[in-house]
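Scroll down for the structure; my scribbles are underneath it.
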Amino acid sequence: MSMQAADTAPAPAAPARTGGAGRERLRLLLRSGTFLAGAAIVAFWVACALFGSDVVPQDPYAVDLMSKLQAPSPDHWFGTDRLGRDIFARVIVGARDILTIAPLATVLGTVLGTTLGLIMGYFRGFIDEAISRLIEAVLALPLVIVALLALVALGTSYITVILVIGLIFTPLIARTVRSAVLTERGLDYVAAARLRGENPFYIMFIEILPNVVPPILVESTVRLGYAIFTVATLSFIGFGIQPPSADWGLAISDSYGLINGGYWWTVLFDALAIASLVVGVNLVADGVQGVFET
Amino acid sequence: MKKDDKAIDAARYRLNEIENDLVGELAAGRIGRREFLRHGAVLGLSVPFLSSLAGAFGLTAVAPRMARAAAAGGLIRVACTVPAGAVDPVTVDDNGGLLMLHQTGEFLSISGPDLVLRPHLAESWKPNGDGTVWTFKIRQGVKFQNGKTMTAEDVAASIDRLADPKNSSNALSAFKGVLSKGGAKKVDDDTVEFHLDTANGNFPYLVSSDNYNAIIIPADYAGDFEKTFIGTGPFKLDKYTPKVGASFVRNPDYWGPKAVPDRTEWSFYQNMQAMVLALQGNQVDIVSQVSAVGGEALLNDPSFQIISEKTSSHQQVHMRCDMAPFDDKRVRQAVALCLDRKQMVQGLFSGRSDIGNDSPFAPVFPSTDKSVPQREKDIAKAKQLLADAGHANGFTVKLTTEQYLEIPDYAVIIQNAVKAIGITIELNVEAQDAYYGKAVFGSSDWLDSVMGITDYGHRGVPNVFLNAPLKSDGTWNSAHFKNKDYDALVAQYIVASDLGTQRAVAKKIQELLLDETPVIFGYFYHYLTPAKKNVTGVPPVANRLFLSQAALT
């Protein structure tokens with residue numbers, strides 16, 4: 001009798017499959033001043049990355065040696081660099097490289113980290129132990145040093161920078177996802193899926209994954225900020241983006257020795273651009289975190 | 001000043017045919033006092049004799065301002081680039097490494113800022129009649145820093161080691177085809193003979209400070225230079241930490257005038273901007289070298305001095321003559337025609353460089369024929385040449401180069417310039433050690449890349465530039481340029497002892513290279529060493545930093 005009752009009772013549903021919670025979170029996000037401020041800054045730079053080269057008044061790559069190191073003026077709003085290129089145009093267009101590489105690297109890290117975290121959290125046991133120790137070993141190494149070593153070994157290109165940053169972020173995201181999965185795997189809807197005979201990959205990716213999206217989203221937005229900073233750092237120390245890119249980190253690297261000579265404009269605007277984008281992404285991350293944790 | 005025919009005749013009576021030919025060049029006005037001193041010194045004539053003979057022609061030098069003798073003591077701090085590999089006199093091939101070598105090591109002679117060779121560990125030298133054997137008299141009473149006396153045997157062994165292909169010697173760039181292993185022979189305690197493969201009119205330069213590997217070290221040197229920095233110089237090693245820095249202290253047993261500083265400290269930096277900030281931040285007193293591009297903060301700041309020298313230093317833009325698309329000389333010419341050299345010299349270097357004409361004959365060399373027409377920017381002609389070569393729509397090519405001085409900027413300028421004729425250049429800027437690799441064909445981006453830019457330090461004569469990067473069997477022939485006519489002309493140039501013949505052959509070489517254009521020589525930059533205002537006693541010698549008389553006043 002009791003067996004029959006169990007057979008006919010409805011299986012527990014995965015909690016995230018209702019759309020109401022998602023809509024409520026979106027509404028809260030759109031009412032979050034922190035999120036909106038960050039999103040506005042990020043949107044500005046995304047627009048610069050997408051359409052900047054069409055709207056800037058001068059060619060950001062055009063060398064004009066006879067106009068080098070000119071101070072800001074009506075002709076050159078942010079002045080010119082040591083090759084006579086217009087800094088305003090380069091700052092606007094410079095968003096493109098960093099906003100291509102950093103999000104792609106973050107997506108790569110998120111996909112790999114999520115997969116790894118799901119496997120560790122779901123299977124536990126030896127697999128979890130082995131991967132966890134490996135992750136701890138990787139995380140013990142300084143991020144930029146690991147990136148440098150990898151770039152020296154693989155050579156510098158957009159693809160290698162994306163790969164290197166993505167792979168470096170993988171264990172960080174994996175650890176977060178693992179913690180979330182550990183909580184989820186003990187819930188009834190997971191047990192029910194097992195009883196239905198679903199295979200582990202179905203359970204991980206179809207049942208559990210939708211329920212661990214919030215922490216993944218929060219972690220990804222935080223990582224995006226770090227990715228932007230890492231790309232700029234790698235460019236600054238000469239292992240990132242190649243010239244003649246208008247990349248901000250590269251521009252600072254090329255010109256920081258000029259600051260004390262009075263050529264402050266060759267560095268200031270690129271530095272402000274990096275700072276504003278990182279602040280924008282972090283505000284978005286704070287907003288997302290605030291909403292998902294309420 | 002009036003010409004003194006009597007003194008001239010008396011002097012000429014004592015000179016041989018080649019030496020008299022040089023005097024004839026001076027008398028005819030084809031060379032000036034500076035070139036006369038310089039070439040005479042190569043032939044082994046003493047600088048005082050040459051000065052008095054030039055004086056007899058009415059050519060006197062402006063008396064140099066006497067430097068105030070500095071009090072001994074103090075510390076001199078220097079910033080330089082990180083040596084790319086192990087510091088070893090046989091293998092060093094980069095600026096950071098070569099600067100380390102001559103802090104404790106010394107050369108047979110020194111090529112000064114006026115490009116005149118002055119005796120140092122050698123007291124004098126003389127060629128035989130046809131320039132195939134050069135005899136050097138070695139200074140006596142010189143000791144290595146370990147207390148052992150330097151002998152003619154050490155000199156012969158030091159040079160022989162560099163001429164031995166088995167040692168992967170970087171100096172083969174100078175010695176290949178000139179001096180083979182076994183060619184350096186000790187004659188007696190104070191005499192060494194160099195038996196050359198072929199006659200060579202400029203050989204003394206190849207064993208001078210011009211050849212930065214050619215410091216004299218003990219005959220029993222075992223390849224552990226970084227442990228001892230053994231040499232005969234005015235400083236001895238205090239401490240060397242790879243990739244970090246080095247310090248040297250005064251050598252109390254030095255044979256010459258004792259070093260003024262008690263100690264010198266060298267800090268290694270990865271890039272020029274960091275060195276600039278170190279000087280501005282009072283962390284160092286001298287920066288070994290900055291480029292006019294990127295060094296503006298120092299060059300335009302009156303609180304620093306710039307020790308400057310016109311040089312033959314340059315950046316070679318090689319194009320692989322054996323690989324498409326540069327296997328057609330019209331394509332190479334087209335690329336060279338896109339560059340506005342005058343604008344580069346004025347705009348990029350603010351006048352601190354000389355225009356290049358796509359041959360290694362820099363304006364500073366007396367043998368350079370300045371009548372050869374200068375290549376000018378001509379986009380229409382470049383487009384036509386490219387179309388004739390079957391590339392009317394242009395092409396895409398990768399340019400690989402090194403992160404050093406203004407080279408990345410130069411690469412961007414070339415990339416920008418060739419857009420006008422439809423060529424797209426993708427840049428690959430690498431760290432120096434990655435770019436040079438193992439510095440042999442097949443294991444070096446420098447030698448294997450289809451297009452690249454490579455730095456070449458100053459030399460007092462163009463022999464190394466003519467040989468290593470351009471001869472068919474050149475050890476640095478990154479353009480893979482193989483041309484029998486060129487090889488024959490270089491052989492003629494090297495054999496020539498008199499300036500007239502050298503200039504005549506130089507003209508042919510310049511014209512051939514303009515036509516073939518395996519390498520673009522866009523400019524020859526001035527060597528710039530920024531220092532604090534109170535630094536004295538540092539002579540302007542390109543790619544070398546002699547600190548024995550340096551002081552802070």
Side-chain angles (χ1 to χ4, degrees), chain A residues 58-71 79-86 90 97 148-149 151-161 234-247 249-267, chain B residues 269-281 287 290-301 303-304 340-350 398-404 406-417 419 425-434 445:
Chain A
Q58 306 202 28
D59 180 352
Y61 303 104
V63 172
D64 179 4
L65 295 175
M66 304 315 282
S67 304
K68 71 172 189 173
L69 294 176
Q70 288 187 359
T80 61
D81 68 7
R82 66 190 193 194
L83 293 179
R85 296 173 295 194
D86 183 67
R90 290 181 68 76
D97 286 324
L148 281 180
L149 290 172
L151 286 170
V152 167
L154 298 171
T156 49
S157 72
Y158 279 25
I159 301 294
T160 47
V161 174
L234 290 174
S235 298
F236 178 76
I237 53 183
F239 284 89
I241 297 161
Q242 291 281 333
S245 166
D247 177 69
L250 190 63
I252 294 171
S253 172
D254 282 346
S255 303
Y256 72 94
L258 293 169
I259 301 172
N260 286 356
Y263 306 104
W264 50 269
W265 59 89
T266 57
V267 171
Chain B
Y269 291 85
Q270 285 290 353
N271 61 48
M272 187 174 66
Q273 299 301 339
M275 289 193 272
V276 168
L277 286 182
L279 184 60
Q280 289 173 326
V287 172
V290 296
S291 168
V293 188
E296 292 91 343
L298 296 176
L299 303 176
N300 299 335
D301 186 340
S303 55
F304 297 104
D340 188 334
R341 294 153 205 255
K342 284 178 189 156
Q343 199 180 70
M344 275 201 297
V345 166
Q346 285 309 316
L348 191 63
F349 289 96
S350 306
K398 190 175 193 177
L399 189 160
T400 304
T401 189
E402 54 183 317
Q403 185 76 44
Y404 183 63
E406 82 288 356
I407 289 179
D409 290 327
Y410 188 24
V412 171
I413 288 169
I414 294 170
Q415 184 189 47
N416 230 263
K419 273 184 194 166
I425 289 182
E426 292 170 356
L427 298 184
N428 178 29
V429 181
E430 303 180 320
Q432 274 195 302
D433 48 355
D445 286 348

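Order of the sequence lines sets the chain letters (A, B, ...), proteins ahead of strands, with each chain counted from 1.
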Nearest heavy atoms of B:L348 and A:K68, plus distance in Å = O-NZ, 3.1 Å
Donor-acceptor pair, B:Q273 side chain versus A:D254 backbone, under 3.5 Å?
-> yes
Distance col, row A:M66:CE vs B:K342:NZ, nearest 0.5 angstrom, shows 12.0 Å
Side chain, backbone, both or neither: which part of A:S67 has a heavy atom under 4.5 Å from chain B?
-> neither
Examine whether an atom of A:I259 lies under 4.5 Å from a heavy atom of chain B, and if so say whether it belongs to the side chain, the backbone or both; otherwise answer neither.
-> neither
Whether over 12 other heavy atoms sit under 6.0 Å from A:L149 CG = yes
CG of A:D59 to CG of B:N416: how many Å apart, nearest 0.5 Å?
-> 7.5 Å
Part of B:Q343 within contact of chain A (heavy atom distance under 4.5 Å) | both
Answer with side chain, backbone, both or neither: which region of A:Y263 has an atom nearer than 4.5 Å to a non-hydrogen atom of chain B?
-> side chain
How close do A:Q242 and B:V429 get, heavy atom to heavy atom, and via which atoms?
-> OE1-N, 2.5 Å
Can you tell which part of B:L277 gets under 4.5 Å to a heavy atom of chain A, answering side chain, backbone, both or neither?
-> side chain
For each of B:D409, B:V293, B:L298, B:L299, tally heavy-atom pairs with chain A at distances under 4.5 Å, and name the one with the top tally.
-> B:D409
Identify the two heavy atoms, one from A:G257 and one from B:A297, that lie closest to each other, and give their separation to 0.1 Å.
-> O-CB, 3.3 Å
So what's closer than 4.5 Å to chain A heavy atoms on B:M275: side chain, backbone, both or neither?
-> neither
Can you find a pair of side-chain heavy atoms, one from A:L65 and one from B:Q346, that are under 4.5 Å apart?
-> no
Relative to chain B, which segment of A:L258 carries a heavy atom at a distance below 4.5 Å: side chain, backbone, both, or neither?
-> both
Could you look at B:N271 and say if it's the side chain, the backbone, both or neither that has a heavy atom under 4.5 Å from chain A?
-> side chain
Heavy-atom contact with chain A under 4.5 Å, split by part of B:N300 | side chain
Check whether B:A417 gets within reach of chain A through its side chain, its backbone, both or neither, counting any heavy atom under 4.5 Å.
-> neither
If you count the non-hydrogen atoms of other residues, nucleotides and ligands that lie under 6.0 Å from CD in B:Q270, is the total more than 12?
-> no
